[in-house]
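Numbers restart at 1 for each chain; the letters A, B, ... are given by sequence-line order, proteins then strands.
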Amino acid sequence: MEYNIIISGIGGQGVLTVARILGEAALYSGIKVRMSEVHGLSQRFGSLFAHVRMGEQVYGGLVPMGKGNMLLALEPAESLRYMHYMKKGGALVLNKNPIEPPQVSMGLFNYPNLLKIKDIATEKFGLRVIEVDAKKIAAEAGGELAQNSAMLGAALEIPGFPLTREAIVYAVRKVISSRYADINIKAIDLGSEETKKIVAAIF
Amino acid sequence: MSNALVSPASNKALMLGNEAIVRGALESGLGFFAAYPGTPSSEILDAMIDIAKVLGIYAEVSANEKVAFEACLGASWSGIRAMTSMKHVGLNVASDALMSAASMGVRAGFVAVVADDPSMWSSQNEQDTRIYARFANVPVLDPSTPQDALSLTKKAYELSEKYRTIVILRTTTRLSHMRGEVETGSLPQGYGKEKRYIGEFKKDPDRFVSLPQIARRNKLEHVNAMRKLEEVEGDKLVEIEHADGSDLGIITGGVSYNYIKEAETWLGISGLRIMRTMMSYPLPRKPIADFLKSVDKVLVVEELEPVIEEQVKLIAFDEGIDVEIHGKDLVPRDFELTPEKVAISLSRFLKLDPPIDFELLERMGKETSALAPPVPPTLCPACPHRSTFYAIRKAATNRAIFPSDIGCYTLGYYPPLKTVDTCVDMGASVSVAHGIAVASRGDGGKTVVATIGDSTFFHSGLSALANAIANGSDFILVVLDNGTTAMTGHQPNPGSAEGNRGKRISIEEVAKAMGADLVEVVDPYDISAVVGAMKRAMEIKGVRVIVARRECALKSISEKRRKGETWKRYAVNAEKCTGCKACINAFGCPAIKWDASNKKAYIDPEMCWGCGSCAQVCPFDAIKVVDDGV
């Protein structure tokens with residue numbers, strides 16, 4: 001087994017926390033794991049990514065181009081930078097809520113249309129897109145900061161994803177402060193629930 | 001702090017490469033740690049500071065890398081095992097100490113961790129520390145995985161004491177920030193029960209005073225020790241896979257080894273002879289020579305400079321070995337290696353088809369990425385630097401010249417602030433400003449306004465300021481004092497209110513004592529006050545120092561979040577907003593967005609950290625507090 005995940009987003013969204021949860025869940029499950037994180041300058045509201053790789057044949061922390069199984073995009077436009085790292089048939093789990101960067105507010109750049117992003121993912125890269133309204137789910141669970149857990153819940157529903165709910169919940173309790181753990185676990189379950197139907201339709 | 005780092009017994013945990021190094025040092029009996037932070041090395045320092053409280057080691061955030069290095073030297077000479085860590089450019093600062101101390105040697109083990117940043121993810125240049133090791137003639141170990149980082153840290157202490165030499169442990173971003181499972185060993189007895197840094201300096205001036213006649217003897221002794229180290233330890237620092245495999249060989253080290261292993265599976269090949277060397281200088285001569293004799297063709301796979309390759313070629317030449325050697329003709333020299341780059345190099349070496357059409361994928365990737373709006377890192381909402389930069393531009397206009405420095409505030413380069421015209425190395429803002437002030441006087445007499453952070457000021461700005469004042473220079477220096485070393489994760493510096501063992505040093509008192517022609521302290525959140533100070537400074541000549549002091553917003557908001565506290569939030573009154581975009585196009589806080597349909601600005605309440613600067617920027621008084629945070 002080899003399973004490669006790229007998490008993309010903007011500094012401050014919790015890209016590294018999501019990676020950390022996946023890593024701890026893998027360790028808990030006895031799966032060999034290697035992760036690559038970006039620290040430092042990019043964490044200041046810039047484009048940010050993390051790689052999580054699981055499996056016996058995995059050595060380094062970087063997902064080889066064209067060998068990714070899942071792109072977990074916490075911000076829609078940020079998914080565009082990593083689609084070519086995915087395999088044909090791989091999953092794009094897409095948080096549909098954009099964060100408008102300053103260059104767009106300044107009128108220097110247009111934010112791409114969500115439909116176009118999904119179109120590129122399916123048509124150009126042959127990815128299966130699972131759109132998640134993580135903001136809505138998180139609000140329902142009790143806090144906007146739980147958006148990433150909604151995304152993890154969605155990931156749990158993707159066929160072939162090697163981690164179980166139990167492992168993810170264990171890792172959430174380990175990584176996230178106890179004050180927010182319950183909200184996040186609720187968001188995971190709501191994320192799973194909302195995703196089931198979409199997954200059944202496209203996989 | 002992870003429990004796995006301080007647990008006395010062995011355990012298994014997910015660790016960053018940097019954390020594995022920390023654990024390796026503790027398992028080796030570390031007592032003294034000193035460092036200045038720098039990505040990708042900072043987590044080592046952060047962990048050591050936390051650990052010091054529970055395990056009784058000494059750990060400090062030093063003013064700069066040279067100071068840290070020399071403090072470790074003093075500790076080692078007092079019989080205490082020492083470690084420093086730094087980013088690659090930190091070694092430039094510490095190199096004066098390294099070059100001289102190399103031949104004087106150590107008493108207790110001293111390991112200098114140096115983290116290179118191939119591809120410059122968070123750095124101003126790309127340099128290969130292994131060249132420094134060769135330059136100083138000290139051994140450099142090059143781990144491949146977090147597990148390896150732990151065991152090679154222990155090996156580094158062993159070598160350091162056995163051969164009385166400083167050892168460099170070199171990591172790269174991809175190892176320092178790679179997380180993987182690590183099985184630790186146990187800690188030596190006594191941690192947590194007693195102070196681990198009580199040693200004794202035994203005088204030995206015939207070794208520790210580098211007068212020429214002593215330096216000559218030290219040098220020869222060190223050269224001999226290094227020769228012996230290479231001969232005795234060399235074969236324990238290489239690993240060979242498929243020793244009886246094909247007549248094609250790979251020599252590699254560091255993270256590149258991982259990419260070779262993955263390329264093997266990817267290309268569907270087996271039986272390739274692979275030699276991994278854990279010491280890239282001095283390269284183990286006999287094992288390399290034997291390996292070269294066993295193959296017809298060899299490819300050296302390493303990141304950045306051809307350090308291993310050149311030594312391999314030298315060995316082949318000296319020993320008269322008839323072997324075809326490839327390296328940087330097939331492996332990229334610039335930027336970090338990736339699994340796909342190495343797979344391409346290997347397929348070219350083996351004359352195989354690459355496993356996938358990389359060129360096509362890369363082209364598709366470029367086309368697609370181009371549709372995503374650029375999101376460079378930016379100053380945080382409520383960042384005091386933004387308000388200061390805005391006020392500087394308002395007072396000095398964009399005709400002024402803005403030398404700046406290394407820190408979060410280098411981001412003032414980006415629009416709309418554009419208040420950073422130069423950035424070279426730590427402290428250069430002050431000295432470059434001095435040079436410009438002298439040499440560009442003919443250029444219409446533009447005002448020179450330099451900016452430097454508080455941590456950078458103490459790191460390397462002090463001597464530059466003394467120089468400028470003593471030479472009668474003419475510029476304004478604004479010290480962006482947020483009380484912390486923000487970009488690397490909020491470590492204290494000598495000007496910080498908290499986190500130091502000793503006394504806090506006042507930047508304004510230092511400037512006054514040096515004889516600056518004007519010294520003022522202002523609050524960046526009061527924009528008109530900063531503009532006022534700037535205007536007063538611009539009316540006179542000389543070296544004028546303005547300290548813009550306000551706590552780092554990210555630090556302050558993180559603390560509030562941790563404590564469950566709330567804060568003020570501002571909003572745009574849509575009726576008053578004329579859509580002039582001053583808040584976006586001149587100030588540029590990431591919390592302020594543009595509603596294109598209504599042509600009005602609005603503030604994302606989740607991102608507003610409540611500084612209120614935008615309310616002062618708005619010419620139509622349209623921004624007000626909507627939630628006072630209580």
Is the side chain of [X] donor-acceptor paired with the backbone N or O of [Y] at a distance under 3.5 Å, no angle test?
X      : Y      : answer
B:K593 : A:I99  : no
A:R179 : B:R562 : yes
B:E181 : A:V33  : yes

Contact summary for A:G66 and B:I356, nearest pair of heavy atoms
CA-CD1, 4.1 Å
Check B:R174 against A:S36 and note the closest heavy-atom contact, atom names and distance.
NH1-OG, 2.8 Å
List, one per line, each side-chain donor-acceptor pair under 3.5 Å for residues 358-379 of chain B, sequence neighbours excluded.
| residue | atom | partner | partner atom | Å |
| --- | --- | --- | --- | --- |
| B:E367 | OE1 | A:K124 | NZ | 2.7 |
| B:T368 | OG1 | B:M364 | O | 2.7 |
| B:S369 | OG | B:G365 | O | 2.7 |

Give, as side chain, backbone, both or neither, the part of [X] having an atom under 4.5 angstrom from any heavy atom of chain A.
X      : answer
B:P416 : both
B:A13  : backbone
B:I592 : backbone
B:C408 : side chain
B:L411 : side chain

Does any heavy atom of chain B fall under 4.5 Å from the side chain of [X], the backbone, both, or neither of them?
X      : value
A:V63  : backbone
A:M83  : side chain
A:E37  : both
A:Y180 : side chain
A:L62  : both
A:K116 : side chain

Is the number of heavy atoms from other residues, nucleotides or ligands within 6.0 Å of [atom1] ([X]) greater than 12?
X      : atom1 : result
A:E193 : CD    : no
A:E166 : CD    : no
A:N110 : CG    : no
A:K135 : NZ    : no
B:Y413 : OH    : no

Among [options], residue most engaged with chain B (heavy-atom pairs, under 4.5 Å):
options               : value
A:S177, A:A50, A:P112 : A:P112
A:S47, A:G61, A:P102  : A:S47
A:E78, A:R81, A:H51   : A:R81
A:F125, A:Y82, A:Y85  : A:F125
A:A77, A:S79, A:G46   : A:G46

Please list all pairs passing the side-chain hydrogen bond (donor to acceptor under 3.5 Å, both in side chains) test where one or both residues lie in residues 54-77 of chain A, with sequence neighbours left out.
A:E75-A:Y111
Roughly how far, to the nearest 0.5 Å, is CZ of B:R179 from CG of A:L22?
12.0 Å
Once you round to the nearest 0.5 Å, how far does CD of A:E100 lie from CG of B:D604?
10.0 Å
For the interface with chain A, which of [options] has the highest count of heavy-atom pairs at distances below 4.5 Å?
options                        : answer
B:I260, B:T410, B:I584, B:T173 : B:I584
B:P339, B:C383, B:G17          : B:P339
B:G38, B:P590, B:C380, B:S176  : B:C380
B:D595, B:T39, B:V342, B:L175  : B:T39
B:G588, B:C589, B:P381         : B:P381

Assess whether side-chain contact (heavy atoms from CB on, under 4.5 Å) is satisfied between B:L14 and A:M35, documenting all intermediate values.
CA-CA 10 Å; B:L14 205 57; A:M35 298 150 65; 4.1 Å; yes
For B:T265 and A:E2: C-alpha separation, side-chain torsions, deciding distance, then whether side-chain contact (heavy atoms from CB on, under 4.5 Å) applies.
CA-CA 12 Å; B:T265 337; A:E2 180 179 330; over 6 Å; no
Could B:E262 and A:R53 be called an ion pair, given the rule that one side-chain N must be under 4.0 Å from one carboxylate O?
yes
